[in-house]
Structure formats: structure tokens, C-alpha cells
Undergrad: 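My questions will all concern the structure given below.
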Amino acid sequence: MTATGTHKAPTAPAVTAVTDAVTDATIAAPAAVATTQENHVTTGATVWLTGLPSAGKTTIAHELAGRLREEGRRVELLDGDEIREFLSAGLGFSREDRHTNVQRIGFVAELLARNGVTVLVPVIAPYADSRDAVRKRHEAHGTPYLEVHVATPVEVCSVRDVKGLYAKQAAGELTGLTGVDDPYEEPEAPDLRIESQNQTVQESAASVYALLSERGLA
């Protein structure tokens, strides 16, 4: 009887305390997950890759798009040929028409970027004033905009000649080829300049990704 009388208090409260702790941890877990998700980059941006025909703009953009999508980013690639077919059908290649085409693409890009999409635009956009107008549109809405100059020399581009444009120009079958018999105004101060002839596609895409990361956009 004496031994029984010296027993410690029942252990039930301790079990309850452990249960409460587990319950609290379980409740807290979703909050931690939510915090992690909130820290994930959700800001959109436009990355405009400008350069001569066959400079490697589209190839780099596709490589970058794949990496971003693997990380769960919302990505759209605005292809110049598709834009010409579906959005700018009827426009030619005069300076005025080229400017109009670039502004249309810039409008769509900014609209998407403003709503959280990373927009990759591998489009020549040969004139500085056209590119500046696109940048100003983004700035007016507070939408991030990065200009990447894929500075592949025309000598290299003409050898690559992905679409056969340089060959047609040389044969007299084509006029108004940007960088040959039509002007290309190189960006004076792009956010990034890539010399694609000196590195792999993966390295070029990685340099653009690094720029996005540096700006808090990837």
C-alpha cells in the first residue's frame, strides 16, 4: 500500500502533450509549404533576343524555354515567322512595316509578361527606335524587360544560313536582307551580349538564365 501510494502522477497528460505537439506540427506543415510556394518566382518578364538572321536566336530561346519549363515556369516563345503569319499578315519588310511588326510583338509580350509569363522573343527587330519603344512600353507598366544581343557575325550567319536567305540574296533572288542589303542597328547597351560562335547553345542559354536569376526573374 505504501509503494502504491508513492506512484507518480498518471502518464496520460504526457501522451496528450505529445499528441498535441504532433497535431500542431501537422497543422503547421501546410503553412510551411505555402511559404515555400510563395517564395517561388512568379514575376513574368520579356526576354528579347535580337540579332541577324541565323544568329542562333531561336535555338537559344528553345533551349532556355526547356530549362525554365522543367523548373515549373510559365513560358511562351513568340516565333517571328508565326507572328508574321497570324498576327502581322499583310505587312511587308519596309522600315515602317518592320516597326509595326515589332510593336505588335512587343504588345503581346508585355501583356503576357505582366500576367506572370516568361516571354522569349527571338526576333531580329533591326531598328533601335523600335526596340526602345518596346522597352518603354514595358517600363510604363512596370514589367521586367531584358534585351539580349545575339552578336553572331554576318560571316558566320551566312555559313549557317538556316533558312537559305543568304544564298537567295547572293543569287539575286532576295533583297532587303537584314545585315546585308538592309540595315541592322546593333544595340549599344544590351542587358547581355552573346557571341554564339564561341560557345555552345547550352552555354548561351545558360548565360541568359544567369541574367534572369541575377535580376530575380528565375
Side-chain angles (χ1 to χ4, degrees), residues 45-62 64 77-85 87-110 113 119-141 143-170 172-199 201 204-205 207-208 211-212 215:
T46 294
V47 180
W48 197 295
L49 297 94
T50 176
L52 297 175
S54 295
K57 304 179 299 296
T58 302
T59 305
I60 294 169
H62 277 293
L64 177 59
L77 193 154
L78 302 183
D79 180 82
D81 291 338
E82 292 179 352
I83 293 293
R84 279 279 181 180
E85 181 178 358
L87 188 62
S88 293
L91 290 180
F93 292 90
S94 66
R95 185 181 183 103
E96 181 179 1
D97 282 358
R98 288 176 188 262
H99 177 79
T100 299
N101 182 52
V102 168
Q103 298 317 298
R104 290 179 181 178
I105 298 172
F107 173 81
V108 174
E110 193 282 322
V119 187
L120 307 180
V121 188
V123 173
I124 296 171
Y127 305 120
D129 59 348
S130 298
R131 298 192 301 266
D132 288 344
V134 172
R135 182 185 288 276
K136 289 177 180 177
R137 173 182 292 278
H138 283 69
E139 290 174 348
H141 292 280
T143 305
Y145 177 84
L146 301 174
E147 183 178 80
V148 177
H149 180 205
V150 184
T152 312
V154 66
E155 296 79 14
V156 176
C157 294
S158 62
V159 172
R160 293 177 178 175
D161 203 10
V162 178
K163 299 177 182 179
L165 300 178
Y166 291 94
K168 289 181 179 179
Q169 192 278 335
E173 301 173 6
L174 176 71
T175 59
L177 180 59
T178 301
V180 180
D181 58 355
D182 208 65
Y184 175 73
E185 299 169 2
E186 292 191 1
E188 294 182 0
D191 296 281
L192 176 67
R193 201 182 304 276
I194 295 174
E195 296 182 350
S196 71
Q197 73 278 13
N198 297 327
Q199 55 191 29
V201 173
S204 295
S207 64
V208 183
L211 176 62
L212 284 166
R215 302 291 175 88

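Residues take their numbers from the sequence shown, with the count starting at 1.
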Undergrad: So do Gln199 and Ile194 actually touch side chain to side chain, heavy atoms under 4.5 Å?
TA: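 Yes; the side chains approach each other to less than 4.5 Å.
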Undergrad: Using side-chain heavy atoms (C-beta onward) and a distance below 4.5 Å, is Phe93 in contact with Thr178?
TA: no
Undergrad: Report the C-alpha separation of Val121 and Thr46 in whole Å, then their side-chain angles, then the decisive distance to 0.1 Å, and conclude whether the side chain to side chain contact (heavy atoms under 4.5 Å, CB included) test is met.
TA: CA-CA 7 Å; Val121 188; Thr46 294; 4.0 Å; yes
Undergrad: Could you tell me which non-hydrogen atom of Tyr166 sits nearest to which non-hydrogen atom of Val180, and how far apart they are?
TA: CE2-CG2, 3.7 Å
Undergrad: Compile the donor-acceptor pairs under 3.5 Å between side chains in residues 52-62 and protein atoms, sequence neighbours left out, one pair per line.
TA:
{"unit_1": "Ser54", "atom_1": "OG", "unit_2": "Val162", "atom_2": "N", "d": "3.0"}
{"unit_1": "Lys57", "atom_1": "NZ", "unit_2": "Gly51", "atom_2": "O", "d": "3.4"}
{"unit_1": "Lys57", "atom_1": "NZ", "unit_2": "Leu52", "atom_2": "O", "d": "2.8"}

Undergrad: Using the rule given for side chain to side chain contact (heavy atoms under 4.5 Å, CB included), can you reason through Gln103 versus Val134, listing the C-alpha separation, both sets of side-chain angles and the distance that settles it, and then say yes or no?
TA: CA-CA 6 Å; Gln103 298 317 298; Val134 172; 3.9 Å; yes
Undergrad: Report yes if some heavy atom in the side chain of Leu64 is under 4.5 Å from a heavy atom in the side chain of Leu120; otherwise report no.
TA: yes
Undergrad: Would you say the side-chain atoms of Asn101 pair up with the backbone N or O of Ser88, donor to acceptor, closer than 3.5 Å?
TA: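 Not at all, since once roles are kept as given, no pair shorter than 3.5 Å links the two residues.
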Undergrad: Run the ring-ring contact (aromatic ring centres under 6.0 Å, His included) test against His138 and tell me which residues pass, sequence neighbours left out.
TA: Tyr145
Undergrad: Strictly distance-based, threshold 3.5 Å: is any side-chain N or O of Asp181 a donor or acceptor partner for the main-chain N or O of Gly176?
TA: yes
Undergrad: Ala113 and Thr143: which non-hydrogen atoms are nearest, and at how many Å?
TA: CB-CG2, 3.5 Å
Undergrad: Donor-acceptor check, side chain of Arg84 to backbone of Leu91, threshold 3.5 angstrom: yes or no?
TA: yes
Undergrad: With sequence neighbours left out, what residues match Lys163 under side-chain hydrogen bond (donor to acceptor under 3.5 Å, both in side chains)?
TA: Asp81
Undergrad: Could you check whether any side-chain N or O of Arg193 sits under 3.5 Å from a backbone N or O of Ala151, counting only pairs where one atom can act as donor and the other as acceptor?
TA: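 No.
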Undergrad: Answer whether the closest heavy-atom distance between the side chains of Leu146 and Leu212 falls below 4.5 Å.
TA: yes
Undergrad: Counting C-beta onward and ignoring hydrogens, is there a side-chain heavy-atom pair between His99 and Tyr127 closer than 4.5 Å?
TA: no
Undergrad: Could you tell me the separation between the CD atom of Glu147 and the CG atom of Asp132, rounded to the nearest 0.5 Å?
TA: 7.5 Å
Undergrad: Of all the heavy-atom pairs spanning Gly179 and Val154, show the shortest one and how long it is.
TA: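 Distance-wise, the nearest heavy atoms are O-CG2, 4.1 Å.
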Undergrad: If you count heavy atoms of other groups shown closer than 6.0 angstrom to CD of Glu188, is the number above 12?
TA: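 Counting neighbours around CD of Glu188, 12 or fewer heavy atoms of other residues, nucleotides or ligands fall under 6.0 Å, so no.
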Undergrad: Nearest 0.5 Å, what's the CZ-CG distance between Arg95 and Asp129?
TA: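 These two atoms lie 5.0 Å from each other.
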Undergrad: Find the distance between NE2 (His149) and CG (Asp191) and round it off to the nearest 0.5 Å.
TA: 13.0 Å
Undergrad: Do Ser196 and Thr152 have side-chain atoms, one donor and one acceptor, less than 3.5 Å apart?
TA: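 Yes.
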Undergrad: Ignoring hydrogens, what is the shortest heavy-atom contact between Ala109 and Val119? Give both atom names and the distance.
TA: O-CG2, 3.6 Å
Undergrad: May I ask you to test the Pro126-Arg98 pair for a side-chain heavy-atom distance under 4.5 Å?
TA: yes
Undergrad: Would you check if Phe107 and Leu87 make a side-chain contact, meaning some heavy-atom pair closer than 4.5 Å?
TA: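 Phe107 vs Leu87: side chains apart.
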